[in-house]
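Worksheet for the structure shown next.
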Amino acid sequence: MLFSKFCETFDRIEATPSRLSSTDFLSKLFLETPASQIRRAVYFCQGRVAPEFEDIEVGIGDRIAEQTIARTAGVTVAKVQAEYRKRGDLGVAAAALLEKKAQTRLASEELTAQKVFESVSRMAQAAGTGSQERKIKILCELLSKSSGAEAKTLIRFCTDNMRIGIGEPTIIDALSFAVAGDKSLKPDIERAFNLSSDLGMVAEVLLSEGIGRIRAFKPIAGNPIRPALAERLESAEAIIEKLGECAVEGKYDGFRIQVHKDRAGKVRVYSRKQEPMTDMFPELVKAVATDVDAKEFILEGEAVGIDPKSGKILPFQVTVQRKRKHGIDELSRRIPLRLFCFEILFLDGRDMTYAPYRERHAMLEKTVSKSDRITVAEYKICKDAKTLQRYFEDALSRGLEGIIAKDLNAPYIAGARKFAWIKLKKSYQGALSDTVDVVIIGFYYGKGKRTKLGFGGLLTAVYDDEDDRFKSIARVGSGFSEEQMEQFSKMLGKIVVKEKPREVDALMEPDEWVAPKYVVEVNADEITKSPVHSAGRGIGADGEEVGLALRFPRMTAAGIRDKSPHDATTVNEIIELYEMQNRAKKHSRR
Ligand code: AMP
């Protein structure tokens, strides 16, 4: 299959604002892709060479890409940079500079998709001394055989700036269309993806073995499972009304992690964003050998720092210091972690995700011994609101963040926010009943002192999972320390884009747009209707078109969250929070 097919499809996707058309173009591309190539084709569409949890990247920055383009086109780096400035996109600049050269290419020299996939994998695998030069050589070879359009796609891919904004939901829809001609397979494909976090593998199984194998998909020790998420309700009464008798667990504030042990005995730890964290938490890896009675398993829980002297739980601000790659031994002595397990998802070949909570929990208690490093999260079965409220208040007094009530009969629903889990958190006076995780889509330079720091505030969005877009909800101007402002300025400066990204829907214009990448936790006084934001936009009672906005938003101490933009708070959650807030207001007026 020719690589030009991919480039043509991406160009068509870039040119259409319609998600439906993008899905259609992509599904046709998948249909034409041989089964042996589909895995890598899906990764390529995601801008990757492997699933995200493998942490393998091509690793070519703009500077290296500029050098490579200059070398291939036979021009100076300054000329490439000038072209980049003129076009605002290094891919387009490469296309313009290489177009002429490409016209002399013979038909027999056309790039195949296979050649490109193999080359980008080789680039990603290059490590150690001389690796940069090897990457340049491979990319030079590809560029010298590229047409303008191909060079554009290659450069965009290698510099991690695909600009087509295809998220996982669009790829899943496209796979369903490719196989069934409609969206009917979406729930099955989605489940397999939620269990494996590997869309390339799911596509390969689907296209080569059929939907039956997808429906029989089981967790795999080593592949992170996308986490189940909690809904919110405003009170103990509302929770009991929804669930009846339920299990109520303490809500710990640390890192949500999954611990995997495969049949060969290899232990791996993943963050809630499916990032590998095994090397960061050696004491937990070690404890698994003695404290978990199983050969092969997937456990989930919250890892929290413990004061080695008092044995008490440490606040999140202290625990978060463990998220470092250096000085781990010293840190693990100073802030040792304890894993409070709340789920067992896979046990010696058995898929536990289908089992009801009662059964999973019994198995969890049988499998995990209670040690200093690994233990089962505290819990209580509650039948009425009074008992639940008392347990909640007790949890707060012991320094927990609140409680999570769990439906005794529900399975583990990977990757989805459902009422099988309901959280109740301490409600701050005059604030929303929960924090909101927003995606940074732009920033402002600000005035006075802030101009010097190069940062004055954020333009943020929530995720609309129905149309795979980020919709603006708040301009956040407070809650930052000077140090954080400097950090934001540096971090965001690296992902500035010249125009509003395709996957962003916003009416406000920040000083700089950025690619949606970082998620921050914010608190606000309430949710209000607003004519300037796009989240939940619709026609209001007075016939005007309005969206929803956060009133007095401020970043919390948690700051940047360990979440990918697609896991940020969704538009539907904001609508629910808005309704919850209005119910609470009515209630207090009574
Ligand atoms: P939130 O991040 O506010 O949406 O709350 C959900 C998070 O609470 C989960 O992602 C976990 O990281 C954390 N958590 C703490 N304790 C528990 C528990 N017992 N069960 C489930 N999640 C918990």
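We count ligands from 1, going down the list as the structure has it; atoms in each ligand are counted the same way.
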When the side chains of residues 238-249 are checked against the rest of the protein, which donor-acceptor pairs come out under 3.5 Å, sequence neighbours left out?
{"residue": "E249", "atom": "OE1", "partner": "K406", "partner atom": "NZ", "Å": "2.8"}
{"residue": "E249", "atom": "OE2", "partner": "Y357", "partner atom": "OH", "Å": "2.5"}

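Within the structure, every pair that satisfies the side chain to side chain donor-acceptor pair (under 3.5 Å) test and touches residues 456-471, not counting sequence neighbours, is listed here: T170-D468, Y463-D468, D464-K471, E466-N572, D467-K471.
Note that CZ of R350 and CD1 of I344 are 10.0 Å apart. Values are rounded to the nearest 0.5 Å.
Side chains of H361 and E359: no donor on one and acceptor on the other come within 3.5 Å.
Closer than 4.0 angstrom to ligand 1 sit non-hydrogen atoms from E249, G250, K251, Y252, R256, R272, E302, F342, I404, K406, W421, K423, K425, R561.
Both the sub-6.0 Å distance and the 45° axial angle are not jointly satisfied by R338 relative to the ring of F281.
In this structure E57 satisfies the salt bridge (Lys or Arg N to Asp or Glu O under 4.0 Å) test together with R48, sequence neighbours excluded.
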